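In what follows, a structure is listed as C-alpha cells, so that the remarks can point back to it.
These numbers come from a predicted model, not from an experiment.
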Amino acid sequence: RRVSGFVKPAGDSPSSSKVTELVLDNCRSSNGEIEGLNDSFKELEFLSMANVELTSLAKLPTLSKLRKLELSDNIISGGLEVLAERCPNLTYLNLSGNKIKDLGTVEALQNLKNLKSLDLFNCEITNLEDYRDSIFELLQQITYLDGFDQEDNEAPDSEDDDDEEGDEDDDDEDEDEAGPPGEYEEEDDEDDGGSDLGEGEEEEEVGLSYLMKEEIQDEDDDDDYVEEGGEEEE
C-alpha cells in the first residue's frame with residue numbers, strides 16, 4: 001500500500017501498520033519531524049521525504065523494515081548515526097542536495113551493513129579531491145555511489161525494469177519472425193514492378209488486360225475447333 005501527502009496523527013491505527021510505501025515530498029517538517037510520521041508504520045519499506053526542510057534526523061521513528069530512504073534537497077548536515085539505530089536494514093539512501101561537507105559525517109554510515117547504494121549529488125563533499133575513491137574505501141559495503149560503481153558502470157533502476165526490457169526485446173524478435181517466409185519479399189516484388197498509377201487504377205488495368213487476353217484465347221480456341229470440325233466433315 002502506497003500513501004502520498006501529509007500524514008495525520010494516526011497512533012497505532014491498523015491503516016498505518018499496513019503501509020509499505022510513503023511519499024511525503026514537499027511537505028513541511030516542524031522541529032525536525034513531520035507530524036504523524038511515527039513508529040506505527042511498522043511495515044514501511046520505502047520512505048521519501050524530499051524537500052521538506054528537514055534539518056536533523058534525531059526525531060526519525062524506528063522503521064526496522066525500511067529499505068529505501070529518500071532525503072534529497074533538505075538541510076541535513078550531520079547526525080547520520082541515527083540511521084543505523086532506527087533503520088538498520090537500509091539498502092538505498094539518497095542524501096543529494098544536503099549540507100554534507102566532509103568524510104567524517106559520512107563515516108557514521110559504516111554501521112548500515114546492508115547499504116548498497118548511496119547518493120550524495122550536489123553536496124559539498126563531492127568537491128573533495130578523490131571523493132569517489134575515498135567514499136568507496138570508507139564504506140566498503142556499498143556498490144553504487146551517485147548511480148555508478150567503482151568501474152563507472154551505471155546502476156540498474158530495478159530488477160523488475162530489467163525483466164520488462166527483456167520481455168519487450170523477446171516480443172520484438174517474435175514479431176520479426178512471425179509470418180510465413182517470403183511474405184514480405186513478394187510484396188516488395190509487386191511494388192518494384194508497379195507503375196506510378198494508384199493502387200486501384202493498377203488493379204483495374206491488370207484486370208482489363210487479363211480479360212482481353214482471355215477473350216483472344218477463347219476466339220483462337222473457337223477457330224481451331226471449327227477447323228478441326230470441318231476436316232472431320234470432309
Margin query: Counting only heavy atoms from other residues, nucleotides and ligands, does the tally under 6.0 Å from CD of E137 exceed 12?
Written below: no
Margin query: Just to verify, which of L71, I125, D73 counts as forming a side chain to side chain contact (heavy atoms under 4.5 Å, CB included) with L95?
Written below: L71
Notebook entry, point to check: What are the two closest heavy atoms between K99 and I75, and how far apart are they?
Noted result: CG-CG2, 4.0 Å
Note to self: If only side-chain N and O atoms count, and only distance matters, is there a donor-acceptor pair under 3.5 Å linking Y92 with N114?
What the structure shows: no
Next item on the list: Drop me the distance from S29's OG to E53's CD, to the nearest 0.5 angstrom.
Entry: 6.5 Å
Checklist line | Nearest heavy atoms of S48 and D25, plus distance in Å | finding: OG-OD1, 2.6 Å
Note to self: Tell me whether E45 is salt-bridged to K65, with the criterion being a basic N under 4.0 Å from an acidic carboxylate O.
What the structure shows: no
Next item on the list: Ignoring hydrogens and angles, state whether a donor on the side chain of Y144 or N153 is under 3.5 Å from an acceptor on the partner side chain.
Entry: no
Next item on the list: Could you check if a side-chain atom of I76 sits within less than 4.5 angstrom of a side-chain atom of T55, using non-hydrogen atoms only?
Entry: no
Notebook entry, point to check: Nearest heavy-atom pair of L80 and A108: which atoms, and what distance?
Noted result: C-CB, 4.0 Å
Check: Do S40 and S16 meet the criterion of a side-chain donor-acceptor pair at a distance under 3.5 Å?
Finding: yes
Check: Hey, quick one: are Y131 and L138 part of the same hydrophobic cluster, counting side-chain heavy atoms closer than 4.5 Å, chains of contacts allowed?
Finding: yes
Notebook entry, point to check: Do I135 and L128 sit in the same hydrophobic cluster, where Ile, Leu, Val, Met, Phe, Trp and Tyr count as joined when their side-chain heavy atoms come under 4.5 Å apart?
Noted result: yes
Notebook entry, point to check: So L83 and L57, side-chain contact (heavy atoms from CB on, under 4.5 Å) or not? Walk me through it.
Noted result: CA-CA 8 Å; L83 292 173; L57 297 174; 3.8 Å; yes
Check: If you look at every heavy atom in L54 and G32, which pair is closest and at what distance?
Finding: CD1-O, 3.6 Å
Item checked: Pairing residues for R67 by the side chain to side chain contact (heavy atoms under 4.5 Å, CB included) criterion, not counting sequence neighbours -> T91
Note to self: Is there a side-chain contact between K59 and N31 in this structure, where contact means two heavy atoms from C-beta onward sitting under 4.5 Å apart?
What the structure shows: yes
Note to self: Measuring from atom CG of D102 to atom CD of E124, what distance do you get when rounded to the nearest 0.5 angstrom?
What the structure shows: 9.5 Å
Next item on the list: With rounding to the nearest 0.5 Å, note down the distance linking CD in Q140 to CD in Q110.
Entry: 8.5 Å
Check: Taking it one step at a time, do T143 and K116 satisfy side-chain contact (heavy atoms from CB on, under 4.5 Å)?
Finding: CA-CA 5 Å; T143 303; K116 298 301 178 187; 4.1 Å; yes
Margin query: Just so I know, are the side chains of S77 and T105 near enough to count as touching, which here means a heavy-atom distance under 4.5 Å?
Written below: no
Checklist line | Polar side chain donor-acceptor pair, N98 to N74, under 3.5 angstrom | finding: no
Notebook entry, point to check: For the atom pair OG1 (T20) and CG (L47), what is the distance rounded to the nearest 0.5 Å?
Noted result: 11.5 Å
Next item on the list: Check the pair M49, L60 against side-chain contact (heavy atoms from CB on, under 4.5 Å), reporting the backbone distance first and the verdict last.
Entry: CA-CA 11 Å; M49 295 191 294; L60 185 71; 4.0 Å; yes
Notebook entry, point to check: Can you tell me how far CG of N94 sits from OG of S72, rounded to the nearest 0.5 angstrom?
Noted result: 5.0 Å
Checklist line | Sub-4.5 Å side-chain heavy-atom contact between L22 and F46 | finding: no
Margin query: Give me the atom names and distance for the closest heavy-atom approach of S134 to E129.
Written below: OG-O, 4.3 Å
Next item on the list: Would you check, one step at a time, whether the test side-chain contact (heavy atoms from CB on, under 4.5 Å) holds for N51 with R28?
Entry: CA-CA 8 Å; N51 189 32; R28 286 293 171 261; 4.2 Å; yes
Next item on the list: Could you grab the distance from atom CG of L66 to atom NZ of K42, nearest 0.5 Å is fine?
Entry: 14.0 Å
Checklist line | Considering all heavy atoms, the nearest T126-D146 contact | finding: CG2-OD2, 4.5 Å
Margin query: Within the supplied structure, the quantity of interest is the number of heavy atoms (other residues, nucleotides, ligands) at a distance under 6.0 Å from N127 CG; does it exceed 12?
Written below: yes
Margin query: Surrounding NZ of K101 (heavy atoms of other residues, nucleotides or ligands, distance under 6.0 Å), is the total greater than 12?
Written below: no
